[in-house]
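Notes follow once the structure below has been shown.
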Amino acid sequence: MIGLIRIELFKLYAQRVVYLAAAVFALLYIFQFYSSLPSAAERAEERTAFATYGGPLTEAKLQWARDFDDAYEEARATGRTEELHRDLRYRAELKVATEILNTHRHQEQTAASPAPQSPSLQPVIVNQEAWHRIVLYIQEVGYLFAGALVILGLAGSFSGEAASGADQLLYSSRHGRGRATWAKLAAGAIYCISALAALMLLPLVLYGLHYGLHGWEVRFADYTRMASGTSFGGSVLAYYSLQMLLSALGCIALGWLTMLLSAWSRHLLIPALLAGMIFLLPFMLIMSGMGDTPLVVFLLVLFQHIGLIQAIYIDDHSYIFGSSFNYSAMMLGYLALSLLLPAAAVLQTIRRKQVT
């Protein structure tokens with residue numbers, strides 16, 4: 001079995017189009033990253049400011065932030081903000097003061113809610129830029145890159161053999177309809193995980209080099225720029241790890257769906273086109289502004305692969321008809337079905353293949 005998986009992995013990783021696409025995606029992201037990267041001097045001032053005023057939030061730091069904000073509002077009233085913004089140290093301290101005030105405001109809102117969603121622990125002030133961008137990468141653009149690599153890599157899993165006629169020899173062999181199919185599914189899952197890991201390594205390296213990965217142990221709830229209203233009690237690294245696990249499973253679900261389409265076709269492009277359409281269908285329906293018609297809602301519920309890869313449903317509750325329901329549990333159930341049904345359909349399809 002392991003030998004069969006290795007053979008299938010070799011075929012998957014031998015596709016040049018995958019490496020070409022990955023290189024294009026990486027270059028696009030690197031260009032965007034460096035086009036918006038602050039200067040080294042500005043980043044150095046921010047590190048100094050957060051080292052001085054960051055850390056556990058105290059009354060003294062909160063009072064400093066309030067005084068700083070009051071002085072800034074006075075400067076704005078007299079039209080002196082442009083002059084102040086030329087000073088890199090001032091801009092860095094303004095960023096820290098803003099983070100402190102936002103964190104305190106979020107803490108007050110949480111405490112005032114009928115059912116506080118996060119533990120009432122002392123907040124920690126950190127520079128949120130690096131982990132904020134790393135966590136949001138898969139939700140903003142990474143899901144498109146991951147979906148494209150998965151579809152490109154797995155669209156020819158079965159149709160490539162059918163196009164060359166090798167499927168007839170394979171299906172007439174001893175393990176051609178059993179172990180060989182399981183090996184393809186296993187290799188497809190490994191490929192999906194490795195493609196996602198390669199994509200996610202890029203922002204980790206870039207932000208780690210230029211910002212550092214400090215604050216990984218800080219509670220995710222303290223990252224107020226992306227954790228508003230969450231009850232997730234772990235660190236941002238724990239949240240990121242869970243996000244990557246769920247994204248990997250989402251990639252596998254899309255990959256096995258692509259393999260199912262490949263098993264139904266003898267052409268290389270048709271599975272890729274169909275899988276791409278299914279993957280992007282929710283995005284296209286939302287952008288088209290077709291409204292909340294029953295058909296559109298049904299399609300949005302049926303094809304949720306974008307949401308599975310984005311993994312934005314961690315610890316999330318939504319409302320329907322005025323009642324709260326656990327959106328996370330619903331998405332996890334959908335994820336399980338999205339994994340089981342295509343895999344079972346692939347096995348059944350291959351068993352029914354006729355040898356001519």
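Just the heavy atoms: all of them, side chains too, but no hydrogens, waters or symmetry mates, feed the values below.
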Could you walk me through whether Ile193 and Ile252 pass the side-chain contact (heavy atoms from CB on, under 4.5 Å) test, one step at a time?
CA-CA 7 Å; Ile193 295 172; Ile252 294 172; 4.1 Å; yes
Taking all non-hydrogen atoms of both residues, which atom of [X] and which atom of [Y] are closest, and how far apart?
X: Ser265; Y: Ile270; answer: OG-CB, 3.8 Å
X: Ala75; Y: Leu84; answer: CB-CD1, 3.5 Å
X: Ala311; Y: Leu246; answer: CB-CB, 4.0 Å
X: Tyr211; Y: Ala130; answer: CB-CB, 3.9 Å
X: Ala248; Y: Leu196; answer: N-CD2, 3.3 Å
X: Ser262; Y: Ala155; answer: OG-O, 3.0 Å

Kindly indicate, with the supporting measurements, whether the criterion side-chain contact (heavy atoms from CB on, under 4.5 Å) is fulfilled by Thr258 and Ser157.
CA-CA 9 Å; Thr258 305; Ser157 298; over 6 Å; no
Note, [X] side chain near [Y] side chain (heavy atom, < 4.5 Å):
X: Asn102; Y: Arg105; result: yes
X: Leu204; Y: Met200; result: no
X: Cys192; Y: Leu254; result: no
X: Thr349; Y: Leu260; result: yes
X: Ile278; Y: Leu261; result: yes
X: Arg133; Y: Phe33; result: no
X: Val236; Y: Asp222; result: no
X: Phe25; Y: Leu202; result: no

Where does the angle between the aromatic ring planes of Trp131 and Tyr240 fall among parallel (under 30°), tilted (30 to 60°) and perpendicular (over 60°)?
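Aromatic pair Trp131/Tyr240 classed perpendicular.
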Could you check whether the rings of His305 and Tyr334 sit parallel, tilted or perpendicular, using 30° and 60° as the cut-offs?
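Aromatic pair His305/Tyr334 classed perpendicular.
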Salt bridge or not for Lys11 and Glu8, using N-O below 4.0 Å?
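Looking at Lys11 and Glu8, the cut-off is met.
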Strictly below 4.0 Å, N to O, side chains only: are Glu42 and Arg91 in salt-bridge contact?
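Yes.
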Measuring centre to centre across the rings, with the benzene-like ring taken for any Trp, is His210 within less than 6.0 Å of Tyr34?
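Between His210 and Tyr34, the centre distance is under 6.0 Å.
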Is the distance between the ring centroids of Tyr29 and Phe145 under 6.0 Å?
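No, too far apart.
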Is atom [atom1] of [X] surrounded by more than 12 heavy atoms (other residues, nucleotides or ligands) closer than 6.0 Å?
X: Leu213; atom1: CG; value: yes
X: Arg66; atom1: CZ; value: yes
X: Leu209; atom1: CG; value: yes
X: Glu73; atom1: CD; value: yes

After noting the C-alpha distance and the side-chain angles of Lys61 and Ile125, does the key distance pass the side-chain contact (heavy atoms from CB on, under 4.5 Å) rule?
CA-CA 10 Å; Lys61 294 176 181 177; Ile125 306 301; over 6 Å; no
Can you tell me how far apart CD (Gln32) and CG (Leu28) are? Round to the nearest 0.5 Å.
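Atom-to-atom, Gln32:CD and Leu28:CG are 10.0 Å apart.
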Look up atom CD in Glu129 and atom CG in Leu37, then write down how far apart they are to the nearest 0.5 Å.
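So the gap between those two atoms works out to 9.5 Å.
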Trp64, Val126: one ILVMFWY side-chain cluster at the under-4.5 Å cut-off?
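The answer is no; the residues belong to distinct hydrophobic clusters.
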Using the ring pair (Phe, Tyr, Trp, His ring centres under 6.0 Å) criterion, which residues pair with Trp256? Sequence neighbours excluded.
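Per chain and number, Trp256 pairs via ring pair (Phe, Tyr, Trp, His ring centres under 6.0 Å) with no residue.
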Out of Val135, Val218, Val124, which one pairs with Tyr223 under the side chain to side chain contact (heavy atoms under 4.5 Å, CB included) rule?
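Answer after filtering Val135, Val218, Val124: Val218.
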After noting the C-alpha distance and the side-chain angles of Leu101 and Leu62, does the key distance pass the side-chain contact (heavy atoms from CB on, under 4.5 Å) rule?
CA-CA 7 Å; Leu101 293 176; Leu62 179 59; 4.3 Å; yes
Check salt bridge (Lys or Arg N to Asp or Glu O under 4.0 Å) between Arg16 and all other residues, then give those that pass, not counting sequence neighbours.
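Expected list: none.
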Between Arg43 and Pro38 (side chain of the first, backbone of the second, donor and acceptor by atom type, cut-off under 3.5 Å), is there such a pair?
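The answer is yes, because a donor-acceptor pair under 3.5 Å joins these two groups.
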Taking only residues two or more places apart in sequence or in another chain, which ones pass side chain to side chain donor-acceptor pair (under 3.5 Å) with Tyr13?
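Testing Tyr13 for side chain to side chain donor-acceptor pair (under 3.5 Å), a comparison that skips the adjacent residues, returns Ser194.
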